[in-house]
Every structure is written in structure tokens, then in C-alpha cells.
*Asks:* 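The structure's right below; bear with me while I get my questions together.
This one's a predicted model, so the numbers in the text were calculated from it and none came from an experiment. First listed ligand is number 1; within each ligand, the first listed atom is number 1.
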Amino acid sequence: MVHENYSAIIIGSGLAGLYSAIKLSQAMPNGKILMVTKCDLGESNSRYAQGGIVGVLKENTADSVASHVSDTLNAGAGLSDFNVVKYISEKSNDVIHDLIDLGVPFDRDENGELLFTLEGAHSVRRILHCNGDATGRGIEKRLSELVAQNEQVVLKENTIAVEILKENDACKGVVLFDGTNYSVALSSVVVLATGGIGQLYKNTTNPQCATGDGFALAYNVGAILQDMEFVQFHPTALAVQGEDANHLISESVRGEGAILVDEKGNPFMHKYHELKDLAPRDVVARANFEEMKLSGKDYVYLNATVIPKEVQEKRFPSISAMCLKNNIDMTKDFIPVHPAAHYFMGGVKVNYDGRTSIKGLFALGEVSSTGLQGANRLASNSLLECVVSAYSMAEFVQKNIDDELIEMSEELKKSLKKYSQELGFIEYDTDVLKSELQSLMWDGVGIIRSEISLKEAQSRLNDLKAQFLRNEKCLSIQEYEFKNMLTVAQLIITSVLQRKESRGAHYREDFPLTKEIAEHNCIIKEQGELSFVR
Ligand code: FAD
Ligand code: SIN
């Protein structure tokens with residue numbers, strides 16, 4: 001199999017991957033960096049981020065690190081790590097200013113001052129945004145331009161990473177597949193920046209690429225994963241049929257005054273939380289779910305008509321256009337919305353600088369679990385986590401890792417033999433299989449869980465596994481994605497069953513109370529089997 005050496009390999013080209021490429025090329029001025037992405041450059045969850053990115057900036061005198069730390073810890077429901085939260089909050093000033101220096105066009109007022117918005121459970125306006133409600137696109141577009149121009153970065157698009165190579169407990173590289181050919185990229189620095197798992201659920205705000213590959217890659221190579229039961233459901237995804245189904249209606253629309261109402265136009269959030277429409281996301285998602293059960297409809301409404309037309313035009317141009325495309329004029333009509341899987345709090349266990357339990361393997365952004373998000377992420381903290389972790393990872397690599405040549409050992413060659421074996425020709429319809437997986441996860445491992453719903457989901461998952469007979473090598477990129485989705489579904493169901501309490505975004509109707517002591521659930525693959533570690 002063709003193999004090549006690199007100073008560092010980055011898997012994924014969302015915000016964590018793009019910013020890593022920029023910072024690593026600065027940290028290793030003579031280095032050659034490979035960026036692999038299974039879609040085109042920039043296609044990612046990051047591209048669709050709306051509300052914004054948290055920045056605790058020195059010039060925003062209403063804000064402070066103490067206040068942001070307190071809001072983040074409150075949302076995290078006991079599972080956020082104080083030191084990590086404080087570190088990320090403190091670093092946000094430098095990193096946001098670095099993004100500004102790189103040319104990211106954050107929105108400003110007529111005097112050139114940065115604008116800040118508000119979202120659920122934030123006590124002050126501290127969220128920066130681009131083009132009103134297209135923050136992800138604004139950041140991704142600028143960073144993609146810089147990466148594409150960077151001569152140190154070798155870009156491989158439409159190529160999936162299918163295995164991480166390890167020898168003597170250290171990471172050695174990655175096996176790649178472009179849909180036709182396999183190749184090997186060798187490096188002592190591998191950065192997983194593969195994003196989340198939204199596509200495991202029937203309703204999701206995430207694009208097609210969010211199939212959880214990074215969690216499966218890390219699990220299969222023996223890294224520790226943490227808190228895999230915590231899936232965040234966003235309360236307000238557009239409840240329409242067709243291609244715009246589940247398009248996000250940003251929380252910042254509620255931040256600017258919109259309120260959730262029932263069919264008769266009556267507000268209901270006061271029944272669920274003192275912060276009403278700006279309560280933590282899990283509370284609002286469950287409230288919508290309850291109201292949908294009460295009305296028997298599969299949506300509630302968001303009344304944004306209370307926001308003046310000129311504010312809507314300036315702040316929400318993309319959301320307004322999306323609504324209009326679906327015959328909803330948000331200056332006059334209520335918007336039908338429902339909850340959808342949005343973000344994954346659990347992930348590969350790392351330090352604030354992305355170090356995993358395996359030497360040379362880093363995980364950044366949504367695939368990682370740094371201890372920032374805890375049991376429930378505070379809005380707009382994830383883009384911040386991507387950039388602070390990437391910044392710190394590059395600093396760590398610069399100080400601690402030599403750019404060494406990796407030999408293709410006999411041991412590694414032996415482990416690659418499986419990729420040259422012929423597969424029996426069974427063509428799987430991965431669209432059909434995926435849709436059954438998405439339904440079983442939505443029905444059994446969704447917003448409200450119980451032993452009964454989980455056992456049912458487990459049994460449906462076992463049936464799917466019995467149908468899909470690919471243990472290692474697959475025929476197509478879609479098959480690899482589906483294999484990963486089965487692995488991640490198993491990790492989530494097992495972790496949900498293990499957590500016999502309700503906490504943050506994880507709600508079990510058979511265990512509605514929160515235990516006094518918050519504990520992480522850590523898992524690892526040992527001798528081929530999932531086991532819990534302390
Ligand atoms: P992603 O941006 O998802 O990038 C993952 C990349 O990895 C993609 O390029 C993908 O193609 C690639 N990839 C995956 N697997 C493989 C593989 N096996 N081989 C090769 N490539 C692979 N957060 C906020 O903080 N503020 C917001 O306003 C906000 N709004 C959001 C709105 C929407 C609609 C969504 C979906 C999310 C939003 N989030 C927001 C969450 C945030 O966007 C994500 O958590 C964050 O962008 C994740 O970035 P990432 O770089 O970790 O992953
Ligand atoms: C949103 O704009 O509502 C999403 C913000 C986030 O997920 O952080």
C-alpha cells in the first residue's frame with residue numbers, strides 16, 4: 001500500500017481542523033501537514049453554526065471570566081471541570097483576537113465596535129457573530145481560504161480515515177480510503193477533528209457528514225472515551241417536510257426576544273423554568289417535547305413577530321430567508337419548531353490541549369471531551385472550545401514533539417493485510433440501514449430515556465448488526481460511515497444504561513433524580529470488548 005510521511009495529520013476540516021492546520025503550520029514552519037476530509041474543504045457542522053462564538057473579551061466590560069465560568073458550570077450540571085472551564089474562558093480573549101487578526105469578519109456596529117448577542121443561560125451578552133446569523137460560514141470561509149493558500153498543507157478531500165495506526169502504545173498514522181484506493185499516511189502527530197454524531201438520529205440539525213467516525217476510530221485504537229450518554233437536543237429546529245426539515249432556528253432568536261408558544265399562541269416556558277425561554281437548552285427541549293405530547297402535534301411554535309422587522313433583517317437574514325422559502329414570514333407568522341439532535345457533549349477524553357490517552361493522538365472540538373461542556377453545553381461554547389484546544393494543541397506539539405520519520409514496520413504492514421482481501425459481493429443499501437438506525441436511536445435513546453426504551457433500542461441495534469456483515473474492510477465510504485454509526489450507537493446505549501440518574505441533557509424517566517455526586521462514565525475497548533474504567 002502507498003505510504004507517505006507527514007509532520008502532522010489532521011482528520012476533519014471543520015473549525016477545529018482548519019484552525020489546527022493554521023496553528024500547526026506556524027508551530028512547525030518547516031513541517032508538511034496533511035489535512036484529510038471526507039467531504040469538500042469546510043463542509044462540516046462548523047459551516048452551519050448560527051448563533052455565534054463566546055468571547056470573554058477585555059473590551060466587553062459587562063463581562064468577566066468569573067461570570068462565564070459560573071454560567072458554564074451551571075449548564076454543565078456537575079460534570080464540567082472547573083480548571084478546564086477557567087482555562088478556556090481566560091484564553092478566549094487571545095484566541096478571538098487571533099481570529100480577528102486572521103481576517104474573520106465578526107459583526108460590528110457603526111462605530112466599528114464588536115457586537116455581542118445573548119443566548120440561553122448566559123448572564124450577559126458575550127457572543128460574537130458573523131453576517132447576523134451565519135457565524136459558522138463567516139469563520140469557516142475565511143479559515144478555508146487561508147488553509148487552501150497555505151503551502152505547508154496538503155489537502156485530501158473526499159477521502160475518509162478508516163483506521164488509526166498504533167505501535168508500542170504510540171500513534172503512527174492513519175489508513176485512508178478515497179472510495180477506490182487505500183493509502184497510508186504516517187506521522188507521530190494525528191489530530192482527530194471529526195465532529196459529532198447528529199446523523200445517528202432521525203431529527204438532527206447536523207449535516208450528512210456527522211456520522212460519529214472519530215469516536216469509532218478512537219475507540220477501535222484503544223483510546224478512553226468519556227460521558228457518551230450526553231446528547232444535546234436543540235429545542236428549535238424547523239418543523240417542515242422536505243430538504244429544509246430540521247434547519248436550525250438559532251437560540252439567539254429567543255435571545256433577541258422571541259418566545260415559544262402553544263397552538264393557541266400562549267407562552268408556556270414559565271411553567272418549566274424561571275429563565276423561561278432562555279432556560280438551559282435541555283429544559284427547553286424537554287418542555288417542547290412535553291407540549292407536543294399535550295397537543296398531539298409534532299411541533300410547537302416560535303413567535304418571533306415580537307422582534308422588530310429591522311432587527312430581524314439585520315440579525316437573522318439567513319433564518320428569515322429559510323423561513324420565507326417555506327412560506328413562513330417570521331415578521332407575521334409563528335415558526336413551527338421541534339427538538340432535534342444537535343451536539344454531542346461526550347467524546348474522546350482529552351486535556352485542554354487535546355491530548356488523548358494515546359501518545360501522539362489528539363482529539364479536538366466536538367469529538368473530544370475536555371471537561372468544558374459537562375452534562376449540557378452552554379450555547380456558543382463549542383466553537384470556542386474548538387479554537388482554544390487547537391491553539392493549545394499546537395503549542396504543546398511545538399514544545400514537546402520532534403518531527404520524526406516513521407518507518408513502515410513489518411508489524412504495521414501485517415496489520416494492513418486486511419485491506420487487500422477480497423470482500424464477498426454483498427451490496428448493502430446503507431440509506432435503508434441508516435434510516436432504521438436513526439429511528440431506533442430517536443425512539444429509544446432520545447430526549448426521554450428508560451430501561452424499557454433502551455432495551456428495545458438495543459434489540460433493534462442487534463438486528464441491524466446481524467444484517468450488516470462488515471467487521472473490518474468495507475466496500476464504500478458510506479459503508480465505513482455506517483459501520484462507525486453502529487459502533488457509536490452501541491457506545492451511547494451502553495453508557496446511557498450505565499447512568500442511572502438524570503443529569504443535564506441525559507433524562508431517564510425511570511431515574512428522574514440527580515445523584516448528589518457527579519461521576520464521569522469512562523469506557524475503553526479491552527480485548528475486543530467495551531469496559532468501564534474509573
Ligand atoms: P465539524 O465542524 O463537524 O467538522 C468535522 C469534519 O470532520 C468535517 O469536515 C467532516 O467531513 C470530517 N470528518 C468526519 N469524519 C471523518 C473521517 N472519518 N475522515 C475524514 N474526515 C472526516 N456551536 C457554537 O458554539 N455556536 C453556534 O452558533 C453553533 N451553531 C450550530 C448550528 C448548527 C446547525 C450546528 C449543526 C451546530 C452548531 N454549533 C454551534 C455546534 C458547532 O458548530 C460544532 O460543535 C462545531 O462546529 C464542531 O466543530 P468540529 O471542527 O469539531 O467538527
Ligand atoms: C444556536 O444558534 O442556537 C446554536 C448555538 C449553539 O449550538 O451553540
*Asks:* If you measure from CG on L491 to CE on M228, what distance do you get to the nearest 0.5 Å?
*Replies:*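 Result: 5.0 Å between the selected atoms.
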*Asks:* Hey, is the main chain of V350 close enough, under 3.5 Å, to the side chain of T370 for a donor-acceptor pair?
*Replies:*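 Between the backbone of V350 and the side chain of T370 there is no qualifying donor-acceptor contact (under 3.5 Å).
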*Asks:* So how far is it from L24 CG to F362 CZ, rounded to the nearest 0.5 Å?
*Replies:*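 Here the interatomic distance stands at 8.5 Å.
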*Asks:* Write 'none' if nothing qualifies; otherwise put on separate lines each N/O atom of ligand 1 with a protein N/O atom under 3.5 Å away and their distance to 0.1 Å.
*Replies:*
unit_1: ligand 1; atom_1: 2 (O); unit_2: N45; atom_2: N; d: 3.4
unit_1: ligand 1; atom_1: 2 (O); unit_2: S46; atom_2: N; d: 2.9
unit_1: ligand 1; atom_1: 2 (O); unit_2: S46; atom_2: OG; d: 2.5
unit_1: ligand 1; atom_1: 3 (O); unit_2: N45; atom_2: N; d: 3.1
unit_1: ligand 1; atom_1: 7 (O); unit_2: A193; atom_2: O; d: 3.4
unit_1: ligand 1; atom_1: 9 (O); unit_2: S13; atom_2: N; d: 3.1
unit_1: ligand 1; atom_1: 9 (O); unit_2: S13; atom_2: OG; d: 3.3
unit_1: ligand 1; atom_1: 9 (O); unit_2: T37; atom_2: OG1; d: 3.3
unit_1: ligand 1; atom_1: 9 (O); unit_2: E43; atom_2: O; d: 2.9
unit_1: ligand 1; atom_1: 11 (O); unit_2: T37; atom_2: OG1; d: 3.4
unit_1: ligand 1; atom_1: 15 (N); unit_2: D213; atom_2: OD2; d: 3.4
unit_1: ligand 1; atom_1: 18 (N); unit_2: A161; atom_2: O; d: 3.3
unit_1: ligand 1; atom_1: 18 (N); unit_2: D213; atom_2: OD2; d: 2.9
unit_1: ligand 1; atom_1: 19 (N); unit_2: A161; atom_2: N; d: 3.0
unit_1: ligand 1; atom_1: 21 (N); unit_2: K38; atom_2: N; d: 3.1
unit_1: ligand 1; atom_1: 23 (N); unit_2: S382; atom_2: OG; d: 2.7
unit_1: ligand 1; atom_1: 25 (O); unit_2: S380; atom_2: O; d: 3.4
unit_1: ligand 1; atom_1: 25 (O); unit_2: S382; atom_2: N; d: 3.3
unit_1: ligand 1; atom_1: 25 (O); unit_2: S382; atom_2: OG; d: 3.0
unit_1: ligand 1; atom_1: 25 (O); unit_2: L383; atom_2: N; d: 2.9
unit_1: ligand 1; atom_1: 26 (N); unit_2: G52; atom_2: O; d: 2.7
unit_1: ligand 1; atom_1: 28 (O); unit_2: Q50; atom_2: N; d: 3.3
unit_1: ligand 1; atom_1: 28 (O); unit_2: G51; atom_2: N; d: 2.9
unit_1: ligand 1; atom_1: 28 (O); unit_2: G52; atom_2: N; d: 2.9
unit_1: ligand 1; atom_1: 28 (O); unit_2: G52; atom_2: O; d: 3.4
unit_1: ligand 1; atom_1: 30 (N); unit_2: Q50; atom_2: N; d: 3.2
unit_1: ligand 1; atom_1: 45 (O); unit_2: E366; atom_2: OE1; d: 2.6
unit_1: ligand 1; atom_1: 47 (O); unit_2: S46; atom_2: N; d: 3.3
unit_1: ligand 1; atom_1: 47 (O); unit_2: S46; atom_2: OG; d: 2.8
unit_1: ligand 1; atom_1: 49 (O); unit_2: S46; atom_2: OG; d: 3.1
unit_1: ligand 1; atom_1: 51 (O); unit_2: L15; atom_2: N; d: 3.2
unit_1: ligand 1; atom_1: 51 (O); unit_2: A16; atom_2: N; d: 2.9
unit_1: ligand 1; atom_1: 52 (O); unit_2: E366; atom_2: N; d: 2.9

*Asks:* So, are E479 and K473 salt-bridged, with charged N and O less than 4.0 Å apart?
*Replies:*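 Here E479 does not pair with K473 in a salt bridge, since their nearest N and O are not under 4.0 Å apart.
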*Asks:* Going by distance alone, is a donor N or O of one side chain under 3.5 Å from an acceptor N or O of the other, for R377 and T72?
*Replies:*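 Short answer, no.
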*Asks:* Do Y343 and Q373 have side-chain N/O donor and acceptor atoms under 3.5 Å apart?
*Replies:*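 Present: a donor and an acceptor within the cut-off.
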*Asks:* Considering non-hydrogen atoms only, spot the tightest contact between I249 and H234 and give its length.
*Replies:*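 Heavy-atom minimum between the residues: O-CE1, 3.8 Å.
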*Asks:* Testing the basics here: between A210 and N45, what is the closest heavy-atom pair and its distance to 0.1 Å?
*Replies:*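 Heavy-atom minimum between the residues: CB-OD1, 3.9 Å.
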*Asks:* Is any side-chain N of the basic residue among D244 and K325 closer than 4.0 Å to the acidic one's carboxylate O?
*Replies:*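 Looking at D244 and K325, the cut-off is met.
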*Asks:* At a heavy-atom distance under 4.0 Å, which protein residues reach ligand 2? Sort them by chain and number, would you?
*Replies:*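 Close residues (ligand 2, cut-off 4.0 Å): Q50, G51, E119, H234, L248, S250, E251, R281, H342, R377, A379, S380.
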